[in-house]
Amino acid sequence: MRRIIRWLDDRTGAGQMLQAFLDRPIPKDIGWLHTFGSALLFLISVQFVTGTLLALNYAASPGTAYASVRYLQEHVLFGALLRGVHLWTGSAIVLLIGLHILRTFFYGAYKYPREVTWLTGVGLLLVVMGFSFTGYLLPWDQKAYWATVVGTNIAGAAPLVGQLALRLLRGGTAIGAATLARFYGFHVLILPAAVVLFGTVHLFMVIRHGIAAPPRRRPLVEPLRGESARDWYWREYAAEKRRGKPFYEALLKDALVAATLFTLILVLAQRFGAPLGPAADPNSTNFVPRPEWYFLDLFQLLWYVKGKLEPIGTFLIPTLFILLLLALPFFDHRRERHPLKRPVATAAAALAVALVATLTYLGATAPAPGGAGTSVSSGPLTPEQAAGAKLFAQQGCVNCHTIGNLGGNVGPNLTHVGSRLSRQQLVDMIAHGKKAMPAFKSLTPEELGQIAAFLQSRR
Ligand code: HEC
């Protein structure tokens with residue numbers, strides 16, 4: 001064994017490189033907050049391994065997808081655990097990427113010379129969101145199916161490119177075999193390639209520039225007269241490294257965090273697993289879709305901006321947010337990195353965090369979906385209308401009909417149905433159905449009246 005190692009080392013110089021890598025000095029104050037990045041690298045590797053194993057057991061077509069997942073879950077050794085780990089790791093990645101971005105932001109670590117690191121990081125954020133969105137559909141259960149109905153409808157509501165995006169995402173107008181093939185292809189081919197690409201550049205940049213030292217209120221070295229900000233930066237970073245510590249000391253923290261996270265994920269996966277509901281049924285009338293927790297904020301937001309304003313919530317705010325992130329290192333030129341010396345930036349970020357947390361909380365606690373019952377309405381409701389709104393959600397009307405900006409597009413958009421149909425026409429339609437519109441025979445006349453009253457309020 002020794003001889004083999006020596007032979008390899010002699011031919012490749014790996015030992016020397018590794019030693020130089022581990023011993024290279026990094027700033028002294030690199031601490032626990034700096035472990036998010038390495039934890040993400042670790043968790044993404046976990047996804048590659050578990051994802052590959054899942055793919056070996058998966059048959060991507062509407063006729064077989066659900067059965068193959070069910071089989072894996074029930075009959076393959078560790079199959080349920082495997083799904084659980086993949087799901088919980090996905091959630092952990094979203095959470096950690098948020099923390100990682102916040103840490104980078106508050107430390108001002110996106111500034112010179114790390115702009116490219118930041119840009120590839122934003123790229124990785126988008127890729128992770130893409131993974132969540134496409135992965136959600138693959139089990140092909142009710143939740144997967146209806147969340148994708150809603151999600152693709154949201155994309156379809158974007159101005160100008162919306163309908164095109166909808167067609168491209170679905171591979172047609174409805175969600176079916178083409179949609180599943182596309183989502184699967186994105187999930188296992190295109191997005192992993194993008195992760196490798198962005199991730200490699202990201203990591204290479206981190207190694208090249210060294211880990212950013214936590215910001216100081218007072219500079220470590222004073223600028224020389226006539227010295228450019230950049231030269232000053234490098235001189236200060238060199239000083240940080242001189243009084244720094246070797247990289248492997250930070251690596252020990254990284255390893256500890258990764259091991260703890262993985263243990264936690266194993267426990268969660270074992271305890272809660274990955275849910276698998278009833279198989280997707282495009283004709284079902286009583287399923288209310290809920291998004292994954294990290295989309296709850298967006299989902300909730302969509303209930304506040306409706307009608308003509310709808311594209312603001314579905315398109316403008318998310319797009320502006322991403323553009324803002326991308327542009328950040330370019331309009332924020334100041335050298336100052338300490339959060340207390342950047343009060344506007346710090347306050348803005350704190351506000352954004354509070355907003356996302358509040359929306360997520362409201363989205364999580366609102367009656368499904370995303371506040372139906374109160375918020376599918378455009379104004380204050382009478383008790384009769386409110387009862388109707390609740391029934392509208394419970395009976396699964398949203399699966400086929402859009403109201404405001406959420407819902408399916410199997411049936412007509414009901415946002416303004418009150419100005420189109422009379423109360424009696426509404427009652428008749430719901431009670432007797434018409435073509436693809438099912439008859440809701442189990443509803444009492446009173447309930448029918450309530451739903452009709454609610455729909456009448458939508459003008
Ligand atoms: C399985 C899908 C589906 C479900 C679930 C569903 N609908 Fe429909 N609905 C349709 C279709 C399709 C039409 C169009 C029927 C036609 O005219 O051919 C329609 C038509 C309607 C119309 C007439 C709209 C118009 O502009 O003419 C109303 C009102 C309506 N549905 C209300 C409801 C309500 C209330 C519920 C829940 C209790 C519900 N629907 C559940 C598919 C559905």
Side-chain angles (χ1 to χ4, degrees), residues 50-51 53-88 90-91 131-155 166 169-188 269 272-293 295 299 368-370 372 393-402 406-411 433 435-442:
T50 51
L53 292 174
L54 286 171
L56 295 178
N57 287 281
Y58 181 70
S61 100
T64 54
Y66 181 77
S68 69
V69 176
R70 170 123 269 167
Y71 185 83
L72 171 73
Q73 175 97 7
E74 288 170 2
H75 300 293
V76 176
L77 189 64
F78 295 128
L81 186 68
L82 188 64
R83 285 190 67 224
V85 170
H86 199 70
L87 180 87
W88 285 97
S91 273
F131 266 119
S132 314
F133 185 59
T134 51
Y136 211 69
L137 180 66
L138 305 185
W140 204 253
D141 60 358
Q142 283 282 68
K143 190 166 96 151
Y145 183 87
W146 291 109
T148 304
V149 169
V150 175
T152 47
N153 270 338
I154 288 174
L166 186 78
L169 280 172
R170 291 188 177 174
T173 45
I175 291 181
T179 322
L180 186 55
R182 270 176 204 204
F183 275 45
Y184 188 53
F186 262 92
H187 198 79
V188 303
F272 301 104
L276 185 65
D281 174 7
N283 299 315
S284 80
T285 54
N286 53 12
F287 190 81
V288 178
R290 303 276 290 166
E292 195 61 288
W293 64 266
F295 285 128
F299 196 56
Q394 282 168 356
Q395 295 293 323
C397 314
V398 273
N399 292 336
C400 297
H401 293 287
T402 295
L406 277 182
N409 60 1
V410 180
K435 292 191 225 158
M437 162 81 187
F440 286 80
K441 298 213 171 72
S442 61

Quiz prompt | Results of side chain to side chain donor-acceptor pair (under 3.5 Å) for E292 - residues two or more places apart only | solution =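 Checked E292 against side chain to side chain donor-acceptor pair (under 3.5 Å); zero matches.
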
Identify the heavy atoms of [X] and [Y] that sit nearest to each other, and give their distance.
{"X": "A65", "Y": "L138", "value": "CB-O, 3.9 Å"}
{"X": "W293", "Y": "S91", "value": "NE1-OG, 2.9 Å"}
{"X": "T152", "Y": "L166", "value": "O-CD1, 2.9 Å"}
{"X": "A55", "Y": "Y184", "value": "CB-OH, 3.6 Å"}
{"X": "S68", "Y": "N57", "value": "CB-O, 3.7 Å"}
{"X": "A178", "Y": "G171", "value": "CB-O, 3.5 Å"}

Practice problem: Might you confirm whether atom CZ of F186 has over 12 heavy atoms from other residues, nucleotides or ligands at distances under 6.0 Å? | Solution: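 No, because the 6.0 Å sphere around CZ of F186 holds 12 heavy atoms or fewer from other groups.
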
Check: [X] side chain, [Y] main-chain N or O, donor-acceptor pair, under 3.5 Å:
{"X": "T64", "Y": "A59", "value": "yes"}
{"X": "R170", "Y": "V149", "value": "yes"}
{"X": "Y145", "Y": "A279", "value": "no"}
{"X": "W88", "Y": "A274", "value": "no"}
{"X": "R70", "Y": "H75", "value": "no"}

Self-check item: Non-hydrogen side-chain atoms of L87 and P275 separated by less than 4.5 Å
Solution: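 Yes - at least one pair of side-chain heavy atoms lies under 4.5 Å apart.
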
Quiz item: Does a side-chain heavy-atom distance below 4.5 Å link R182 with L169?
Solution: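 Contact flag for R182/L169 side chains = no.
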
Quiz item: Taking the six-membered ring for Trp, is the centroid-to-centroid distance between F183 and Y136 below 6.0 Å?
Solution: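 No, too far apart.
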
First locate atom [atom1] of [X], then atom [atom2] of [Y], and finally report the distance between them rounded to the nearest 0.5 Å.
{"X": "Q142", "Y": "L276", "atom1": "CD", "atom2": "CG", "value": "11.0 Å"}
{"X": "C397", "Y": "F440", "atom1": "SG", "atom2": "CZ", "value": "5.0 Å"}
{"X": "L82", "Y": "L53", "atom1": "CG", "atom2": "CG", "value": "5.5 Å"}

Practice problem: Report the relative orientation of the aromatic rings in H86 and H187; use parallel for angles under 30°, tilted for 30 to 60°, perpendicular for over 60°. | Solution: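 The rings of H86 and H187 stand perpendicular, inter-plane angle above 60°.
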
